[in-house]
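If you read the sequence from its start, that first residue is 1, and numbering goes on from there.
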Amino acid sequence: VGSIGLSSCSNEVSQPPAADAGTGMLTIQANGEDFVRQGFTTKDDWQISFDHVYVTLENVKAYQTDPPFDPQQSDSLKATAEIGTDKAVTVDLAEGTTPVQVAVLEAPAGRYNAISWEMVSSAQNPPLEMIGAATKEGETVEFSISLSEELGCVCGDFVGDERKGFLSSDDSADVEATFHFDHLFGDAETPADDPLNTGALGFEPLAALASNGQLDLDSAGLKAQLSDQDFQTLMAVLPSLGHVGEGHCKETRL
């Protein structure tokens with residue numbers, strides 16, 4: 001089966017399994033982690049909590065690859081099987097206490113060791129919308145931040161305490177698209193000179209734009225009101241949201 005490039009996602013739903021491989025049910029999940037579900041303190045000491053974090057995903061696909069795909073070493077993956085959905089799905093990463101379901105698909109049995117997805121605008125939703133509140137030294141800012149930038153991610157194997165993607169015939173397994181929101185805001189529990197924090201926007205530049213404790217801006221408003229440096233910082237770090245657990249991805253602006 002041919003290679004897939006970073007900006008190319010096939011509309012083909014799956015490759016046929018080997019005659020004796022069988023099929024199982026593969027769940028594709030999206031995970032904003034406890035940063036989103038429980039809140040955290042940003043690098044500039046704002047205690048941030050989210051009511052909703054909506055991401056709109058399209059062309060979400062899981063792959064069996066041979067050789068294994070390493071996004072830090074290669075620009076394309078060689079899929080021996082793939083499964084996915086090409087329709088846009090909006091999920092709330094702040095919902096519940098566990099990763100949220102994007103799709104459940106009948107899939108060829110085997111080892112799913114790569115995943116790709118696109119964050120896109122739909123008729124109703126932007127690629128990313130964050131709604132919540134941030135508090136610091138008695139000041140609270142209620143925010144609604146909508147970002148229109150569309151992104152693509154191609155990722156290798158999930159990296160975490162639990163292995164994912166092993167699908168046996170007549171069984172079930174899951175793979176995960178992970179989103180690291182500490183990359184946007186930084187993390188007070190990480191050293192200030194860590195690249196995570198030095199590259200992050202933080203929340204202070206956003207809080208400075210609030211009026212009467214309210215902040216409601218989209219990408220155009222942020223570009224107009226943030227300093228050029230702060231807006232470029234936001235745009236530079238935005239693609240690094242995408243991960244597979246702690247595993248890295250190749251990210252592109254669509």
Please collect all side-chain hydrogen bond (donor to acceptor under 3.5 Å, both in side chains) contacts where either partner lies in residues 197-215, sequence neighbours excluded, each pair once.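 Output for this query lists Trp46-Glu204, Lys136-Glu204, Glu142-Gln214.
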Q | Contact check, side chains of Gln29 and Val175, non-hydrogen atoms, under 4.5 Å | A |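 Result no, sub-4.5 Å side-chain heavy-atom pair not found.
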For [X], check side chain to side chain contact (heavy atoms under 4.5 Å, CB included) against everything at least two apart and list the hits.
X: Asp66; result: Thr80
X: Ser227; result: Gln229, Asp230
X: Asn125; result: Thr56, Thr90, Ser122
X: Asp216; result: Ser144

From [atom1] ([X]) to [atom2] ([Y]), nearest 0.5 Å:
X: Asp228; Y: Thr233; atom1: CG; atom2: OG1; answer: 10.5 Å
X: Gln225; Y: Leu209; atom1: CD; atom2: CG; answer: 5.5 Å
X: Leu184; Y: Leu147; atom1: CG; atom2: CG; answer: 7.5 Å

Sidechain-backbone polar pair: [X] side chain, [Y] backbone, donor-acceptor under 3.5 Å:
X: Glu58; Y: Thr85; answer: no
X: Asp92; Y: Val53; answer: yes
X: Ser74; Y: Ser76; answer: yes
X: Lys43; Y: Ala200; answer: yes
X: Glu150; Y: Ser121; answer: yes
X: Asp44; Y: Phe203; answer: yes
X: Gln47; Y: Thr42; answer: no

(message) Could you check whether Glu82 and Tyr63, counting side-chain N and O atoms only, form a donor-acceptor pair closer than 3.5 Å?
(response)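 Absent: no donor and acceptor within the cut-off.
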If you take all heavy atoms of [X] and [Y], which pair is closest and at what distance?
X: Ser49; Y: Phe143; value: O-CZ, 3.9 Å
X: Gly32; Y: Leu93; value: N-CD2, 4.0 Å
X: Gly22; Y: Ser169; value: CA-OG, 3.6 Å
X: Ala114; Y: Leu77; value: CB-CD2, 4.0 Å
X: Pro205; Y: Leu226; value: O-CD2, 3.7 Å
X: Met119; Y: Leu254; value: O-CD1, 4.3 Å

**Study point:** Qualifying ring-ring contact (aromatic ring centres under 6.0 Å, His included) pairs with a residue from residues 72-106, counting only residues at least two apart or across chains
**Key:**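 Passing the test, one end in residues 72-106: no pairs.
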Residue pairs passing the ring-ring contact (aromatic ring centres under 6.0 Å, His included) test where at least one lies in residues 221-240, sequence neighbours excluded |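 Checked against ring-ring contact (aromatic ring centres under 6.0 Å, His included) - neighbours excluded - no pair reaches residues 221-240.
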For this session: Not counting sequence neighbours, which residues clear ring pair (Phe, Tyr, Trp, His ring centres under 6.0 Å) with Phe35? List them please.
Result: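 Expected list: Phe40.
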* **Sequence-distant partners of Asp34, salt bridge (charged side-chain N to carboxylate O under 4.0 Å, His left out), two or more places apart** =>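 Salt bridge (charged side-chain N to carboxylate O under 4.0 Å, His left out) check on Asp34 returns Arg37.
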**Asked** With sequence neighbours left out, what residues match Glu149 under side chain to side chain donor-acceptor pair (under 3.5 Å)?
**Response**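 For Glu149 the side chain to side chain donor-acceptor pair (under 3.5 Å) partners, ignoring immediate neighbours, are Ser219.
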Test of understanding: clusters of I, L, V, M, F, W, Y form through side-chain heavy atoms closer than 4.5 Å, transitively. Do [X] and [Y] belong to the same one?
X: Val141; Y: Ile131; value: no
X: Leu128; Y: Val100; value: yes
X: Val36; Y: Tyr54; value: no

Discussion item. If you apply the rule side-chain hydrogen bond (donor to acceptor under 3.5 Å, both in side chains), what do you find for Asn113 with Thr65, and how did you get there?
Written reply: CA-CA 6 Å; Asn113 58 355; Thr65 69; 2.9 Å; yes
Side chains of residues 237-248: which donor-acceptor partners sit under 3.5 Å, not counting sequence neighbours?
from   : atom 1 : to     : atom 2 : distance (Å)
Ser240 : OG     : His183 : ND1    : 3.1
Ser240 : OG     : Val237 : O      : 2.7
His243 : ND1    : Ser240 : O      : 3.4
His243 : ND1    : Leu241 : O      : 3.3

Could you list the donor-acceptor pairs under 3.5 angstrom formed by side chains in residues 153-168, with sequence neighbours left out?
from   : atom 1 : to     : atom 2 : distance (Å)
Asp157 : OD1    : Arg111 : NH2    : 2.8
Asp157 : OD2    : Arg111 : NH2    : 2.5
Lys164 : NZ     : Asp174 : OD1    : 2.7

